[in-house]
Participant: 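What follows is a structure written as structure tokens; I'll ask about it next.
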Amino acid sequence: MPTAAGGGGVADGVLPEDPIAELIAATARADRSAFRTLYDAAGAKLFGICVRILKDRSEAEDAVQEVFTRVWLNARRFDRTRGRGMTWLIAIARNHAIDRLRARPARTAGAEEAAEIPDRQPGPEASAVAAGEARRIADCFATLDEGRADAIRGAYLSGLSYDDLSRRHGVPLNTMRSWLRRGLQSLKECLEA
Amino acid sequence: MTEATGHMPERDALAAEYVLGTLPLAERLTAEALIESDATFRALVEDWQTRLAPLAEDYEDVTPPPGLFRKVESRLFPEPEPQRRAGWVWGALTGLALALVAAVVISLTLAPQAPLVATLTGEGQTLTVAARYDAAGKELIVERTAGPAAEADKDYELWLIPAGKSAVSIGLVREATLAIPVEALPPGTTLAITLEPRGGSPTGVATGPLLVAGVIGG
């Protein structure tokens, strides 16, 4: 079983391998068997993302089908010099799931349910190849105040909107937005320091 | 506690918020259009994806139901049509007239096998349209694979939007399948369907809501 989580592959102190990136490159060459291997390696991760964000298994099934359709159609746009394969896949899955979530009519389920789901599961420090990066981001999160760190984590993982967050924290939407933007800015400065 | 020392430029903030996912749909769509049209913005988005990627470690794997990949495959790689063999047999019977008939049969049955170039979907839409492009025949074939036909007094109008250019109407999708002569379909071209009054947009510019869209990969 390929370890697909987050980065995939093992570094061993040399150049980080990126088997997912290899599979995406092969998919771009219309290699259907590589596409299937890619699904086997990343399907559970991407389905997990869709389930977590959409909180609806059947919609998540539709979403993940669309995600893999886009992976096949857009594989040639993947540029491995710009990032890891799994990062690219995760972006496609999150973007599609969040677009679906935002397109839902008014307020069905969402913020309330999301608030019940703990966003603070084991931190990113447990990763394999991305251990260094993960430690850096964990360190940088530790420099943020806890509310802001939680808001960023909750938004990223569960797809909380500014609307959800402002209700959750009881502050006006624009206040929430500038507060969170300052958090993102601090994070960026810390990561680039 | 660290506090940001300066303001993020607006574009960088938008990229961060897009990746984080907090924006309302309209602003997400703006960001997605910028990703397609503006390489600098796209790079900002990629930087934020990389920066925030370690957070994705917290997503737990959920095993998808069996058969899901099969559905993806059947969407992307439809089985050859059974009539194809019939066309082949007729062709083998020779005779100019029969060969002509066979050519028609083959072209009709080959059309759905032109490679899939985009799936047009929209948020909250059951309508799904598969777009295939037969590069040799220079023909775009669109097929409504899910969702209802337009209501009696409306039409689905199909638009072709070359990267960085404005939309051109190329047809009304009334039947389940529609073939349209299209000279070229380079990667980055967007296909979109809007809901218009019966007969299509009266102005030549989309007036109704955008239902589904897809971008040609490549």
Side-chain angles (χ1 to χ4, degrees), chain A residues 5-6 32 36 39 43-45 47-49 51-52 61 64-66 68-69 72-74 76-77 82-83 87 90-91 94 98-100 102-105 121-122 124 126-127 130 133-134 137 143 145 152-153 155-157 159-163 165 180-182 184-191, chain B residues 1-8 12-13 16-25 28-29 32 43 45-65 68-69 71-73 75-77 115-119 121-125 128 187 214-218:
Chain A
R32 284 171 61 174
R36 169 172 274 285
Y39 178 85
K45 181 80 178 178
F47 188 52
I49 289 172
V51 168
R52 173 90 185 253
E61 288 175 21
V64 91
Q65 281 183 59
E66 177 60 25
F68 275 95
T69 305
W72 174 269
L73 293 173
N74 294 316
R76 279 158 65 195
R77 298 172 74 166
R82 301 280 314 153
T87 303
I90 287 171
R94 286 187 66 252
I98 292 170
D99 280 345
R100 274 179 180 259
R102 293 287 170 273
R104 280 184 188 166
Q121 284 157 2
S127 92
E133 299 148 46
I137 200 170
T143 69
D145 66 77
I152 291 175
R153 216 186 286 272
Y156 186 91
L157 291 171
L160 299 178
S161 65
Y162 277 132
D163 200 29
L165 288 166
L180 205 68
R181 277 186 169 198
R182 281 199 301 277
L184 289 163
Q185 169 75 2
S186 307
L187 199 60
K188 181 181 173 183
E189 286 173 6
C190 173
L191 286 168
Chain B
M1 304 294 128
T2 52
E3 192 61 40
T5 52
H7 263 310
M8 259 192 291
D12 198 23
E17 291 172 313
Y18 175 73
V19 172
L20 191 59
T22 44
L23 296 171
L25 186 62
R28 285 187 64 78
L29 294 177
E32 282 164 12
V45 167
E46 285 167 351
D47 287 343
W48 277 103
Q49 278 167 0
T50 302
R51 249 174 234 135
L52 297 179
L55 290 176
E57 295 284 321
D58 280 3
Y59 283 115
E60 283 171 21
D61 286 9
V62 180
T63 306
L68 199 65
F69 188 68
K71 288 188 189 169
V72 175
E73 284 186 310
R75 232 166 124 173
L76 287 168
F77 324 116
L116 184 74
V117 290
T119 310
T121 56
E123 308 313 335
Q125 292 294 329
T128 305
V215 180
I216 310 303

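Just so it is clear, the values below take in all heavy atoms, side chains as well, and ignore hydrogens, waters and symmetry mates. These figures come from a predicted structure and were not determined experimentally.
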Participant: Which answer fits A:I152, side chain, backbone, both or neither, if we ask what part of it has an atom under 4.5 Å from a heavy atom of chain B?
Facilitator: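 For A:I152, the contact with chain B is made by backbone and side chain together.
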
Participant: Under 4.5 Å between any side-chain heavy atoms of A:K188 and B:W48, yes or no?
Facilitator: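 Counting from C-beta outward, A:K188 and B:W48 do come under 4.5 Å.
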
Participant: Answer yes or no: is there a donor N or O on one side and an acceptor on the other, between the side chain of A:K45 and the main chain of B:Y59, under 3.5 Å?
Facilitator: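 Looks like yes, one N/O pair under 3.5 Å.
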
Participant: Check each atom of B:R28 against the heavy atoms of chain A and say whether the ones under 4.5 Å are side chain, backbone, both or neither.
Facilitator: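 Side chain only.
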
Participant: Which of the residues A:A91, A:G43, A:A44, A:G83 is involved in the greatest number of heavy-atom pairs with chain B at under 4.5 angstrom?
Facilitator: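 Highest number of pairs under 4.5 Å: A:A44.
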
Participant: If you count heavy-atom pairs under 4.5 Å with chain A, which of B:E46, B:R51, B:E32, B:Q49 comes out on top?
Facilitator: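 Of the candidates given, the most pairs with chain A belong to B:R51.
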
Participant: In chain order, what residues pass the side chain to side chain donor-acceptor pair (under 3.5 Å) check against B:D47, with sequence neighbours excluded?
Facilitator: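 With sequence neighbours excluded, B:D47 shows a side chain to side chain donor-acceptor pair (under 3.5 Å) to A:R82, given in chain and number order.
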
Participant: Can we say A:R36 and B:E73 salt-bridge, meaning some charged N sits less than 4.0 Å from an Asp/Glu carboxylate O?
Facilitator: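 Salt bridge between A:R36 and B:E73, a charged N being under 4.0 Å from a carboxylate O: yes.
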
Participant: Please report the closest heavy-atom contact between B:V62 and A:G48, naming both atoms and the distance.
Facilitator: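 Nearest heavy atoms, B:V62 then A:G48: CG2-CA, 3.6 Å.
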
Participant: Give me the atom names and distance for the closest heavy-atom approach of A:L184 to B:A16.
Facilitator: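 Residues A:L184 and B:A16, closest heavy atoms: CD1-CB, 3.9 Å.
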
Participant: Report the distance from atom CZ of A:R153 to atom CG of B:L55, rounding to the nearest 0.5 Å.
Facilitator: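 These two atoms lie 6.0 Å from each other.
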
Participant: A:Q65 and B:F69: side chain to side chain contact (heavy atoms under 4.5 Å, CB included), yes or no, with the steps?
Facilitator: CA-CA 7 Å; A:Q65 281 183 59; B:F69 188 68; over 6 Å; no

Participant: So B:P65 and A:E61, do their side chains get closer than 4.5 Å, heavy atoms only?
Facilitator: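 Touching, per the 4.5 Å side-chain cut-off.
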
Participant: From A:F47 CZ over to B:D61 CG, what is the distance, rounded to the nearest 0.5 angstrom?
Facilitator: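 Reported to 0.5 Å precision, the distance equals 11.5 Å.
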
Participant: Please classify the contact between A:L191 and chain B as side chain, backbone, both or neither, with a heavy-atom cut-off of under 4.5 Å.
Facilitator: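 It is the side chain, since no backbone atom gets that close.
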
Participant: Taking atom CD1 of A:I137 and atom CG of B:L52, what is their separation to the nearest 0.5 Å?
Facilitator: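 CG of B:L52 is found 5.5 Å from CD1 of A:I137.
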
Participant: Is any side-chain heavy atom of B:V215 closer than 4.5 Å to one of A:R77?
Facilitator: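 Of all side-chain heavy-atom pairs linking B:V215 with A:R77, at least one is under 4.5 Å.
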
Participant: About how many Å separate NZ of B:K71 and OG1 of A:T69, when rounded to the nearest 0.5 Å?
Facilitator: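 The NZ atom of B:K71 is 12.0 Å from OG1 of A:T69, to the nearest 0.5 Å.
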
Participant: I'd like to check A:L73 versus B:V117 (side-chain heavy atoms, cut-off strictly below 4.5 Å). Are they in contact?
Facilitator: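 In short, these two side chains do not touch, never coming nearer than 4.5 Å.
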
Participant: Begin from the C-alpha positions of A:Y39 and B:L68 and carry the test side chain to side chain contact (heavy atoms under 4.5 Å, CB included) through to its verdict.
Facilitator: CA-CA 10 Å; A:Y39 178 85; B:L68 199 65; 3.4 Å; yes

Participant: What option among B:P24, B:A13, B:G214 has the most heavy-atom pairs under 4.5 Å with chain A?
Facilitator: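 So the answer, after comparing B:P24, B:A13, B:G214, is B:A13.
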
Participant: Which residue out of B:T50, B:L20, B:L23, B:V19 racks up the most heavy-atom pairs below 4.5 Å with chain A?
Facilitator: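 So the answer, after comparing B:T50, B:L20, B:L23, B:V19, is B:L20.
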
